[in-house]
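The analysis underlying the following values was restricted to heavy atoms, covering all of them including side chains, and did not include hydrogens, waters or symmetry mates. As the structure is a computational prediction, the values presented were derived from the model and not from experiment.
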Amino acid sequence: MVSITMWNYLNIFTSFFAKSSDSDGKENRGKHQDIYCTKMESMKSQPRDVTGSDLSEQIKAATKDSHVRAENTQLMLNYQKGQITQTQYKLLLCSLYEIYQALEEELDRNADHPAVQPIYFPQELARLESLELDLEHFFGPHWRKRITVPAATHRYTQRLREIGKNSPGLLVAHAYTRYLGDLSGGQVLGKITQKSLGLSGNKGISFFSFPGVTSPNRFKQLYRSRMNSIELTEKKRQEVLDEATRAFEFNIEVFDDLQKMLSITEEASSEKGNNGTSRTEPKTFSNSPVLQFALGVGITLATVGMGVYAF
């Protein structure tokens with residue numbers, strides 16, 4: 001069994017929909033396209049802070065308990081054991097797409113904010129286009145019409161939209177916990193997914209690939225250095241730490257809601273099988289009446305589910 005700590009991979013499951021249509025966001029992406037190497041060089045001259053006051057280290061300490069809880073969600077445990085099914089993975093991709101659509105549109109919109117600009121790396125980190133490729137692989141060209149997510153995912157995206165509008169500096173907490181998680185565990189998780197689902201090449205697992213990052217370890221050093229350079233008052237710093245904990249909780253809720261949906265689906269399928277109505281599990285959940293029912297019930301029952309990421 002391959003064991004992956006949630007701290008090394010805070011974002012495993014994945015956010016939603018579509019490229020940002022915001023023209024300013026596209027302009028900002030082009031503006032930042034060629035600064036990766038420059039940032040890498042500037043990082044070399046920056047002294048390393050080992051006093052424990054770095055924002056990245058403070059986030060790690062503040063989210064320690066939430067990280068442990070996220071690591072032990074049932075969905076995450078199953079994934080680490082290689083017990084991931086195509087239905088589970090599809091549901092995960094749907095929620096990931098929803099989350100990343102909200103996160104990346106808000107980062108694009110606030111790219112020049114003094115707290116966002118240092119950690120804005122759309123060319124290297126953006127996940128939306130990769131998720132679109134994966135969703136098209138599994139659902140076909142009309143995949144946008146087949147997306148379904150639990151209530152916890154909607155709550156997560158609503159929070160991202162809220163802080164993007166009113167407190168852009170807090171986006172730092174969400175970007176850090178998700179992107180560094182993706183970058184840390186992507187290759188291993190991609191291989192687990194590929195083997196479990198019998199996929200060939202990168203088809204269906206583009207989410208785990210970062211072609212714009214030649215050295216994940218060096219890039220993570222750069223990212224932490226840039227984040228630690230953000231000037232924050234003590235009050236603002238505490239707000240970022242609190243938001244990082246909140247990001248973990250949102251992810252946990254998503255994982256738990258997804259697990260509830262899957263459990264209800266399995267139970268409903270089992271009951272139908274016992275009644276002789278159906279003895280085979282549908283391969284495409286979006287067209288299955290059983291799964292549609294399960295998704296509806298899952299969303300209705302989702303109160304404070306738990307479940308996504310940690311790096």
Asker: Any salt bridge between Glu243 and Arg159, counting N to O under 4.0 Å?
Answerer: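 Salt bridge present between Glu243 and Arg159.
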
Asker: Indicate the atoms forming the closest heavy-atom contact of Gly82 with Ser196, along with that distance.
Answerer: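 Here Gly82 and Ser196 meet closest at O-OG, 3.0 Å.
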
Asker: Can you name the nearest heavy-atom pair linking Tyr156 to Arg178, along with the distance?
Answerer: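 In terms of heavy atoms, the two residues are closest at OH-CD, 3.4 Å.
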
Asker: Decide yes or no for Val116 and Leu107: does some side-chain heavy atom of the first lie under 4.5 Å from some side-chain heavy atom of the second?
Answerer: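 Result yes, sub-4.5 Å side-chain heavy-atom pair found.
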
Asker: If I take atom CD from residue Glu129 and atom CD from residue Glu132, how far apart are they, to the nearest 0.5 angstrom?
Answerer: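 Interatomic distance, Glu129 CD to Glu132 CD, rounded to 0.5 Å: 6.5 Å.
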
Asker: Identify the two heavy atoms, one from Thr157 and one from Ala102, that lie closest to each other, and give their separation to 0.1 Å.
Answerer: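 Looking at all heavy atoms of both residues, the shortest contact is CB-CB, 4.0 Å.
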
Asker: Quick check: is Tyr79 connected to Val188 through a chain of hydrophobic side chains (ILVMFWY, heavy atoms under 4.5 Å apart)?
Answerer: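 Val188 and Tyr79: one cluster.
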
Asker: State the CG-OG1 distance between Leu91 and Thr85, to the nearest 0.5 angstrom.
Answerer: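 OG1 of Thr85 is found 8.0 Å from CG of Leu91.
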
Asker: Less than 4.0 Å between a side-chain N and a carboxylate O, is that true for Glu106 and Arg109?
Answerer: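 A salt bridge links Arg109 with Glu106.
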
Asker: Decide yes or no for Leu199 and Gln86: does some side-chain heavy atom of the first lie under 4.5 Å from some side-chain heavy atom of the second?
Answerer: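 No, every pair of side-chain atoms sits at 4.5 Å or beyond.
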
Asker: Using every non-hydrogen atom in the two residues, find where Tyr179 and Ala126 come nearest and quote the distance to one decimal.
Answerer: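 Smallest interatomic distance, heavy atoms only, reads OH-CA, 4.4 Å.
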
Asker: For the atom pair CD1 (Ile119) and CG (Leu171), what is the distance rounded to the nearest 0.5 Å?
Answerer: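 If we round to the nearest 0.5 Å, Ile119:CD1 and Leu171:CG are 7.5 Å apart.
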
Asker: Would Tyr120 and Asn110 count as having a side-chain donor-acceptor pair, cut-off 3.5 Å?
Answerer: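 No - no donor-acceptor pair under 3.5 Å links their side chains.
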
Asker: If I take atom CD1 from residue Ile99 and atom NE2 from residue His154, how far apart are they, to the nearest 0.5 angstrom?
Answerer: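 These two atoms lie 10.5 Å from each other.
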
Asker: To the nearest 0.5 Å, what is the distance between CD (Glu162) and OG (Ser167)?
Answerer: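 It is 7.5 Å, given to the nearest 0.5 Å.
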
Asker: So which heavy atom on Asp257 is nearest to which on Ala151, and how close?
Answerer: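 Shortest heavy-atom contact: OD2-N, 3.9 Å.
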
Asker: For the residue pair Lys220 and Ser184, establish whether any side-chain heavy-atom pair is separated by less than 4.5 Å.
Answerer: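 Result yes, sub-4.5 Å side-chain heavy-atom pair found.
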
Asker: Before you tell me yes or no, could you show the steps for Thr73 and Gln259 under side-chain contact (heavy atoms from CB on, under 4.5 Å), namely the whole-Å CA-CA distance, both residues' side-chain angles and the distance that decides it to 0.1 Å?
Answerer: CA-CA 9 Å; Thr73 57; Gln259 187 61 44; over 6 Å; no

Asker: Could you please spell out the steps behind the ring-ring contact (aromatic ring centres under 6.0 Å, His included) verdict for Phe138 and Tyr89?
Answerer: CA-CA 10 Å; Phe138 286 108; Tyr89 186 56; 5.6 Å; yes

Asker: Measure the CZ-CG distance between Arg161 and Asn166 for me, rounded to the nearest 0.5 Å.
Answerer: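 One gets 13.5 Å once the value is rounded to the nearest 0.5 Å.
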
Asker: Are Gln238 and Asp242 close enough, and set up right, to give a side chain to side chain donor-acceptor pair (under 3.5 Å), and what steps lead you there?
Answerer: CA-CA 6 Å; Gln238 187 59 52; Asp242 292 341; 2.9 Å; yes

Asker: Pair Glu231, Lys236 - check side-chain contact (heavy atoms from CB on, under 4.5 Å), show working.
Answerer: CA-CA 9 Å; Glu231 295 185 3; Lys236 290 295 184 182; over 6 Å; no

Asker: May I ask you to decide if Phe139's main-chain N or O and Arg146's side chain share a donor-acceptor pair within less than 3.5 Å?
Answerer: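 Indeed, once roles are kept as given, a pair shorter than 3.5 Å links the two residues.
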
Asker: What are the two closest heavy atoms between Ile230 and Ala115, and how far apart are they?
Answerer: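 Looking at all heavy atoms of both residues, the shortest contact is CD1-O, 3.1 Å.
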
Asker: So, does Gln194 use its side chain to make a donor-acceptor pair with the main chain of Gly201 at under 3.5 Å?
Answerer: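 Confirmed, Gln194 side chain pairs with Gly201 backbone.
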
Asker: Please check if the side chain of Arg237 supplies one atom and the backbone of Leu232 the other of a donor-acceptor pair under 3.5 Å.
Answerer: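 No.
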
Asker: Is the NZ or CZ atom of Arg127 positioned over Phe210's six-membered ring, under 6.0 angstrom from the centre and within 45° of the axis?
Answerer: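 Yes, cation above the ring, under 6.0 Å and within 45°.
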
Asker: Between Asp182 and Phe207, is there a side-chain heavy-atom distance shorter than 4.5 Å?
Answerer: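 They are in side-chain contact.
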
Asker: Any side-chain heavy-atom pair from Tyr223 and Leu125 closer than 4.5 angstrom?
Answerer: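 Yes, close enough: below the 4.5 Å cut-off.
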
Asker: Do Ser66 and Glu249 pair up side chain to side chain, a donor and an acceptor below 3.5 Å, judged on atom types alone?
Answerer: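 Distance-only check passes for Ser66 and Glu249.
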
Asker: Less than 4.5 Å apart, any side-chain heavy atom of Asn78 and any of Gln88?
Answerer: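 Contact flag for Asn78/Gln88 side chains = yes.
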
Asker: Quick one: does Ser225's side chain have a donor or acceptor within less than 3.5 Å of a partner on Gln221's backbone?
Answerer: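 No, because the side chain of Ser225 does not come within donor-acceptor range (under 3.5 Å) of the backbone of Gln221.
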
Asker: Do Arg224 and Glu57 sit within salt-bridge range, that is, some charged N less than 4.0 Å from a carboxylate O?
Answerer: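 The answer is no: the pair does not qualify as a salt bridge.
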
Asker: For the residue pair Leu160 and His174, establish whether any side-chain heavy-atom pair is separated by less than 4.5 Å.
Answerer: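 Yes - at least one pair of side-chain heavy atoms lies under 4.5 Å apart.
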
Asker: Just so I know, are the side chains of Ile59 and Asp54 near enough to count as touching, which here means a heavy-atom distance under 4.5 Å?
Answerer: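 In short, these two side chains do not touch, never coming nearer than 4.5 Å.
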
Asker: Does any donor atom in the side chain of Ser130 or Ser206 lie under 3.5 Å from an acceptor atom in the other side chain?
Answerer: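 Checked: Ser130/Ser206 side chains show no N/O donor-acceptor pair below 3.5 Å.
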
Asker: Are the side chain of Thr177 and the backbone of Ala173 linked by a donor-acceptor contact shorter than 3.5 Å?
Answerer: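 Yes: the side chain of Thr177 pairs with the backbone of Ala173.
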
Asker: Please confirm whether the backbone N or O of Leu93 pairs with a side-chain atom of Asp134, one donor and one acceptor, at under 3.5 Å?
Answerer: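 Side chain of Asp134 to backbone of Leu93, a donor-acceptor pair under 3.5 Å: no, none is there.
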
Asker: Under a single-linkage definition using a 4.5 Å side-chain heavy-atom cutoff for Ile, Leu, Val, Met, Phe, Trp and Tyr, are Leu189 and Leu133 assigned to the same hydrophobic cluster?
Answerer: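 No; tracing contacts between hydrophobic side chains, which count when under 4.5 Å, never links both residues.
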
